[in-house]
2 protein chains.
Amino acid sequence: MTTELSPDMFAPECPTRQVPLRIGDKWTAMIVLCLEDGPRRFGELLVPLPAITKKVLAETLRAMERDGLVTRTEFPANPPHVEYALTPLGRSLLTLIDAARDWCAEHLPELTEARRAYTSSFSAASKIS
Amino acid sequence: MTTELSPDMFAPECPTRQVPLRIGDKWTAMIVLCLEDGPRRFGELLVPLPAITKKVLAETLRAMERDGLVTRTEFPANPPHVEYALTPLGRSLLTLIDAARDWCAEHLPELTEARRAYTSSFSAASKIS
DNA sequence: ATCGCCGGTTTCGTTGCGGTAACCAGACCC
DNA sequence: GGGTCTGGTTACCGCAACGAAACCGGCGAT
């Protein structure tokens, strides 16, 4: 509800790289979250996703449109602009994304600690040899 | 509970390619499901996953072990063998996987239809031009 | 005329996931 | 000495995702 689109909305280190869960490709879940509170323009989506490039954003939005997750609407006003909005199908992904975020909030520290312990024991072993 | 490990347990066309959701890498979710009912040996995991290779299975299991999702236990009996079992952390992924499967059961036809309609309209347009 | 804004496209290059095929080491069997 | 079973490893490779940077076309403003 009160979510603001801001440059620091997502951590710079892309969570999808560290977390064992992905919705679609690398950016789909974050775009769904950006559109949660209403339609956004192309340029507005670039703001909270500073690491994405225009090319990848366009590709991802096109794939999401193809899959019926978002709609693309051109406004031939002046200057012309484009709005992207979630479809009901795209909105239905929010429950799944929330489930994923709940899992991460609850269990990600365990996973991170396991990974740390594993790699530290490995590097210790390699020091011995 | 009554899940049997069989070669046709998973469709030959890997679902993770058509579905906008992935747990970990390509095979992690399926391995978790294979281990749901108890520990399995390396060779037993190859059976229900006919499309996986030994190399990728070994890599995936090693990554899951590193992340604390499975344990690896060697049995020096004769012939020696290895058993993989879910940890509580790995088992906690099952609720997430079930949520993903529920979403797919409910919404995947919509997505597939949207994709079909999109590509057919696209190919129709290219016929016109 | 040219500048900037918007919403991209184009080109090129890199990275990394996943796959193929061959090989291996220990133990037992014949 | 060769074959088999288990649980891998090694070398190599193709493709798709991802990214950096430049360019573009329509339009209004200056």
Side-chain angles (χ1 to χ4, degrees), chain A residues 5 10 12-31 34-35 39-67 70-85 122 126, chain B residues 10 12-31 34-35 39-67 70-85 122:
Chain A
L5 294 183
F10 301 108
E13 315 307 331
C14 174
T16 61
R17 290 300 174 147
Q18 310 166 38
V19 161
L21 199 140
R22 285 177 65 185
I23 311 282
D25 53 17
K26 184 173 175 179
W27 299 99
T28 302
M30 287 192 220
I31 292 173
C34 288
L35 296 175
R40 300 286 175 186
R41 296 170 51 180
F42 188 87
E44 288 177 316
L45 290 171
L46 286 172
V47 175
L49 303 170
I52 204 172
T53 63
K54 290 199 274 185
K55 175 200 164 206
V56 175
L57 180 57
E59 283 174 356
T60 307
L61 286 169
R62 198 113 26 240
M64 292 172 75
E65 189 192 2
R66 179 196 53 158
D67 288 349
V70 299
T71 58
R72 179 179 183 279
T73 311
E74 292 186 26
F75 288 81
N78 200 340
H81 63 274
V82 181
E83 273 190 359
Y84 293 92
F122 181 73
S126 68
Chain B
F10 301 108
E13 314 308 328
C14 174
T16 61
R17 289 300 172 148
Q18 311 165 36
V19 161
L21 199 141
R22 285 178 65 187
I23 312 281
D25 54 17
K26 184 173 177 181
W27 299 99
T28 302
M30 288 191 219
I31 292 173
C34 288
L35 295 176
R40 301 284 175 187
R41 296 170 52 180
F42 188 87
E44 289 176 316
L45 290 171
L46 286 172
V47 175
L49 304 170
I52 204 174
T53 63
K54 291 198 278 184
K55 175 202 162 206
V56 175
L57 179 57
E59 281 175 357
T60 308
L61 286 169
R62 196 99 42 233
M64 292 172 75
E65 189 193 0
R66 177 196 55 159
D67 287 348
V70 299
T71 57
R72 180 179 183 278
T73 311
E74 292 186 27
F75 288 81
N78 198 344
H81 63 274
V82 181
E83 274 190 357
Y84 293 92
F122 181 75

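Remember, predicted model here, so these are calculated numbers, not experimental data. Chain letters run A, B, ... following the sequence lines, proteins first and then strands; every chain starts at 1. Values below: every heavy atom of this structure, side chains too, minus hydrogens, waters and symmetry copies.
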In short, the helix from C:dA1-D:dT30 to C:dC30-D:dG1 is bent end to end, axes from five pairs each side, to 10°, by 30°
Pair listing, salt bridge (Lys or Arg N to Asp or Glu O under 4.0 Å) test, anchored in residues 70-81 of chain B, at least two apart: B:Arg72-B:Glu74
Which side-chain N or O atoms in residues 56-67 of chain B pair as donor and acceptor under 3.5 Å with protein atoms at least two apart or in another chain?
residue, atom, partner, partner atom, Å
B:Thr60, OG1, B:Val56, O, 2.7
B:Asp67, OD1, A:Arg115, NE, 2.7
B:Asp67, OD1, A:Arg115, NH2, 3.0
B:Asp67, OD2, A:Arg115, NH2, 2.9

What is the 5' to 3' range of DNA chain C, first to last nucleotide, that sits under 4.0 Å from any heavy atom of chain B? C:dG18 to C:dC28
Roughly how far, to the nearest 0.5 Å, is CG of B:Leu49 from CD1 of B:Ile31? 6.5 Å
Taking side chain to side chain contact (heavy atoms under 4.5 Å, CB included) as the test, write out the residues that go with A:Pro39, two or more places apart. A:Glu83, A:Ala85
Any idea which heavy atoms bring B:Thr28 and B:Ile23 closest together, and the distance? CB-O, 3.5 Å
Plane angle bin for A:Phe42 and A:Tyr84 - parallel if under 30°, tilted between 30 and 60°, otherwise perpendicular: tilted
Distances under 3.5 Å between protein N/O atoms and the N/O atoms of nucleotides 18-21 of chain D, please, pair by pair.
residue, atom, partner, partner atom, Å
D:dC18, OP1, A:Arg22, NH2, 3.2
D:dC18, OP1, A:Lys26, N, 3.2
D:dG19, OP1, A:Lys26, NZ, 2.7
D:dG19, OP2, A:Trp27, NE1, 3.3
D:dG19, N7, A:Lys55, NZ, 3.0
D:dG19, O6, A:Lys55, NZ, 2.4

Would you give the length of the straight line joining atom CH2 of A:Trp27 to atom CZ of A:Arg22, rounded to the nearest 0.5 angstrom? 11.0 Å
Short N/O separations, protein against nucleotides 4-6 of chain D, under 3.5 angstrom:
residue, atom, partner, partner atom, Å
D:dT6, O3', B:Arg41, NH2, 3.4

By side chain to side chain donor-acceptor pair (under 3.5 Å) - contacts of A:Arg41 (at least two apart): none
Please determine whether a side-chain nitrogen or oxygen atom of B:Arg72 lies at a distance below 4.0 Å from atom OP1 or OP2 of D:dG7. no
Which part of the nucleic acid, if any, lies within reach of A:Tyr84 when heavy atoms closer than 4.0 Å are counted: base, sugar-phosphate only, or nothing? sugar-phosphate
Roughly how far, to the nearest 0.5 Å, is the OG1 atom of B:Thr73 from the CZ atom of B:Phe75? 5.5 Å
